[in-house]
Trainee: 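Let me give you the structure first, and then I'll get to my questions.
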Amino acid sequence: MTRRISIAACVGAWLALLGVTAGAAEVLPARDVCLPTTSAKSRDGNCVSCMVGAISTRPHFLALVEQVRTRGAVFDDIDRRIDGASGDLAVQGLLKGRNLAHALYGSDADFIAGGSVSRCLLPDNEQARAKATPVPCDAIPRDGLVVLLTAGQSNIANTGAPDRSGTLYQPHRRFYNFDRFDGRCYVARNPLLGTTGDGENVATRLADELIDRGLAKTVVIAPVAIGGTYLEEWRARGGKYFEVLLATLAGLRDVGLEPSAVLWHQGEHNAFAFSTHGAEDGTRLQVTAQMMEAGRLSYLRNYLEIVAGLRAADVTAPIFVATATLCGSIADEIIRSAQAAVPNPALGVHPGPDTDQIGLKLRHDGCHMSHAGTEMHARMWADRLADYWTSGARRP
């Protein structure tokens, strides 16, 4: 028999531990090798450049890495609670090491769960940057400013389709794009700087929506999403991309900016094995009840680690977790149930939109949003933020 983990108990425990000064867990391990391997074309683009060592030498970033590292006991506590959430020996075995990854991801298991040996990062979009209009970050008005840190995978990156004439949506309001690569601010336009893809970004439409609705006077978007990634690749301990979040936070703080909200949209890749009973490399899977329960708990672990890592980095902004599993087939209830278990408003973690409601007819390739789909996606995010701010939460 399995039993449900208490989210309040789990997250409450790690919040209490954030003052710990000696981390028992290995957080952000040294990256002294670079051996990326992947058979999935959806991730090949992330392997143009594979780096060893820290992704930044900026003092604020290095200090932030050390701060998270010294608070590492919180991650051990999450492990204890997740590992003890099931009395089923098969589930317990799958939760150890990379056993679940090998059961679900075929030949890409070590790339996805391999941490320090499989980090691949794209460079910035130099063509888009060359067309961008730079603005001194300190010249951006702070009155009524909303700073959105947007993270996850492709549907919150630049993958939205243009209109029928081939034209990308461009803002009708003036707001800004923080580029994590160079630490500078630009007038926002599609495609946004700092994330992957060459299409529309939902956050660009969202910023217009927030200003149009009077929820913000101006917006800074700090995008970090990387297309084709799994949630475990972002976890604070051993995830290859958590440093991207810390580098972006350090860069924002260097110019006097702090996130007003963190918007996380991820789940389509994690749902793939359950919704198709197959790995991306074509391996057919016999998905058992134990694999489904282990997958749910593992996904929950990864999200709790990300949230705990952000809180350890002194991010106090509300974090919104989208429900998102639809990509080319059907929505998956295993990952949806894990996503639904993450929010806890008392701890500053809130539900984002359920983007599985954006059907396949509004996805230009069965996964990524059409021009109309991106518009609907933006309204859904704006509705969630509006609900939050009008419920009595502190407005920017």
Side-chain angles (χ1 to χ4, degrees), residues 45-46 48-49 55-56 58 60-61 121-142 144-163 165-212 216-227 241 244-245 247-263 265 368-369 371 374-375 377-378 381:
N46 298 338
V48 172
S49 174
I55 65 173
S56 172
R58 295 175 184 173
H60 200 169
F61 166 74
L121 301 171
L122 278 175
D124 203 3
N125 188 331
E126 297 295 343
Q127 184 177 5
R129 185 194 283 174
K131 297 178 181 178
T133 303
V135 175
C137 293
D138 58 8
I140 297 173
R142 268 39 178 186
L145 174 64
V146 168
V147 180
L148 300 177
L149 177 62
T150 60
Q153 59 181 108
S154 55
N155 269 322
I156 203 165
N158 300 327
T159 56
D163 64 17
S165 70
T167 302
L168 296 178
Y169 174 87
Q170 297 301 347
H172 58 266
R173 299 284 191 168
R174 183 180 174 93
F175 51 90
Y176 306 95
N177 177 185
F178 176 80
D179 185 359
R180 64 182 175 89
F181 287 95
D182 65 3
R184 301 176 67 191
C185 296
Y186 298 84
V187 175
R189 57 178 289 113
N190 278 318
L192 290 178
L193 300 169
T195 187
T196 58
D198 294 311
E200 292 187 0
N201 192 298
V202 63
T204 310
R205 284 183 178 267
L206 170 59
D208 265 343
E209 279 276 331
L210 294 179
I211 298 172
D212 288 348
K217 292 182 178 179
T218 191
V219 176
V220 173
I221 307 167
V224 302
I226 299 175
Y241 298 127
V244 172
L245 288 171
T248 305
L249 285 170
L252 285 168
R253 290 168 178 171
D254 282 343
V255 296
L257 296 171
E258 185 71 24
S260 307
V262 179
L263 312 184
H265 188 284
H368 303 107
M369 306 305 172
H371 196 68
T374 302
E375 182 180 9
H377 191 187
W381 275 112

Trainee: Testing the basics here: between L168 and D198, what is the closest heavy-atom pair and its distance to 0.1 Å?
Mentor: CD1-O, 3.6 Å

Trainee: Are the side chains of Y169 and T374 in touch, meaning some heavy atoms are under 4.5 Å apart?
Mentor: no

Trainee: Under 4.5 Å between any side-chain heavy atoms of I221 and L192, yes or no?
Mentor: yes

Trainee: Quick one: salt bridge (Lys or Arg N to Asp or Glu O under 4.0 Å) partners of R142, sequence neighbours excluded?
Mentor: none

Trainee: Just verifying a value: how many Å separate Y176 OH and T133 OG1, rounded to the nearest 0.5 Å?
Mentor: 10.5 Å

Trainee: Restricting to ring pair (Phe, Tyr, Trp, His ring centres under 6.0 Å), what partner residues turn up for H265, sequence neighbours left out?
Mentor: H377

Trainee: Taking atom types as modelled, find out whether H368 and N155 have a side-chain donor-acceptor pair closer than 3.5 angstrom.
Mentor: no

Trainee: Taking the side chain as everything from C-beta on, heavy atoms only, tell me whether V255 gets closer than 4.5 Å to D138.
Mentor: no

Trainee: Give me each pair satisfying side-chain hydrogen bond (donor to acceptor under 3.5 Å, both in side chains) with a member in residues 184-195, each pair once, sequence neighbours excluded.
Mentor: D182-Y186, N190-T204

Trainee: Within a strict 4.5 Å, meaning less than it, do heavy atoms of the L148 and V220 side chains meet?
Mentor: no

Trainee: Taking salt bridge (Lys or Arg N to Asp or Glu O under 4.0 Å) as the test, write out the residues that go with D163, two or more places apart.
Mentor: none

Trainee: When P191 is tested against each of N177, T159, N125, N201 for side-chain contact (heavy atoms from CB on, under 4.5 Å), which residue passes?
Mentor: N125

Trainee: Tell me, please, which residues at least two apart from D254 pass salt bridge (Lys or Arg N to Asp or Glu O under 4.0 Å).
Mentor: none

Trainee: Between S260 and L145, is there a side-chain heavy-atom distance shorter than 4.5 Å?
Mentor: no

Trainee: Side-chain contact, heavy-atom cut-off 4.5 Å: D208 with H172?
Mentor: yes

Trainee: With a 4.5 Å heavy-atom cut-off, do Y241 and I226 have their side chains touching?
Mentor: yes

Trainee: Looking at E126, I'd like to know if its CD atom is crowded, meaning that more than 12 non-hydrogen atoms belonging to other residues, nucleotides or ligands lie closer than 6.0 Å.
Mentor: yes

Trainee: Just jot down the salt bridge (Lys or Arg N to Asp or Glu O under 4.0 Å) partners of R180, sequence neighbours excluded, or say none.
Mentor: none

